[in-house]
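Side chains included, hydrogens not; waters and symmetry mates left out as well; all remaining heavy atoms used. Numbers for residues simply follow the sequence, beginning at 1.
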Amino acid sequence: GDDKNVRNGKPAPDIFLEAARRLNVHPSECIVFEDSLQGAIAGKAAGCVTIAVPDKRMEKEAFIDHSDHIIPSMWHFEGKKWGVDVDM
């Protein structure tokens, strides 16, 4: 990537750790939405709440060990469940 503060790409957690740093929050206060397995692995490794939104062509079971929740689309996100005052 182009950001010198993100040395390693996914599945390394660098991008999510840097995002949390820039937001001045602990990674556990961040929600990561990911459609790729490598991204979900990175989100969990960073310590973020990770919600998988897998492509319909992917087996959602692959995400079970690498996400906190799996939803079929962003329209299924229930923010209140995660302490966010937003529902889709």
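When each of Leu37, Thr50, Ile41 is paired with Ser67, the side chain to side chain contact (heavy atoms under 4.5 Å, CB included) condition holds for Thr50 and for no other.
Ile31 and Val25 fall into different hydrophobic clusters, defined by Ile, Leu, Val, Met, Phe, Trp and Tyr side-chain heavy atoms under 4.5 Å apart, directly or through other members. Taking hydrophobic clusters as Ile, Leu, Val, Met, Phe, Trp and Tyr residues chained together by side-chain heavy-atom distances below 4.5 Å, Trp82 shares a cluster with Met74. Put simply, Val53 and Phe77 are part of the same group of oily side chains (I, L, V, M, F, W, Y) that touch within less than 4.5 Å, one to the next. Under the 4.5 Å side-chain contact rule for hydrophobic residues, Leu23 and Ile15 do not share a cluster. Trp75 and Met58 fall into different hydrophobic clusters, where Ile, Leu, Val, Met, Phe, Trp and Tyr side chains are chained together by heavy-atom contacts under 4.5 Å.
Residues that satisfy the salt bridge (charged side-chain N to carboxylate O under 4.0 Å, His left out) test with Asp35, not counting sequence neighbours, are absent from this structure. Scored by the side-chain contact (heavy atoms from CB on, under 4.5 Å) test, Arg57 finds Asp55 as partners (sequence neighbours excluded). Not a single ring pair (Phe, Tyr, Trp, His ring centres under 6.0 Å) links His26 to another residue, sequence neighbours left out.
From His69, atom NE2 reaches atom NZ of Lys81 across 4.0 Å, with rounding to the nearest 0.5 Å. Rounded to the nearest 0.5 angstrom, Ile51 CD1 and Glu34 CD are separated by 11.5 Å. Expressed to the nearest 0.5 Å, how far CD of Glu18 lies from NZ of Lys4 amounts to 9.5 Å.
Closest non-hydrogen pair, Val32 versus Cys48, comes out as CG2-CB, 3.6 Å. Of all heavy-atom pairs spanning Asn5 and Asp3, the tightest one is N-OD1, 2.7 Å. In terms of heavy-atom proximity, Pro27 sits nearest to Leu17 at CG-CD2, 3.8 Å. For Ala52 against Phe63, the heavy-atom pair with the smallest separation is CB-CD2, 3.4 Å. The minimum heavy-atom distance linking Gly39 with Lys10 is given by the pair CA-CD, 3.6 Å.
Atom NZ of Lys56 has 12 or fewer heavy atoms from other residues, nucleotides or ligands within 6.0 Å. With a 6.0 Å radius and a threshold of 12 heavy atoms from other residues, nucleotides or ligands, Glu78 has its CD atom at or below the threshold. Atom CZ of Arg21 has more than 12 heavy atoms from other residues, nucleotides or ligands within 6.0 Å.
Counting only heavy atoms from C-beta outward, the side chains of Ile70 and Glu61 never approach each other to under 4.5 Å.
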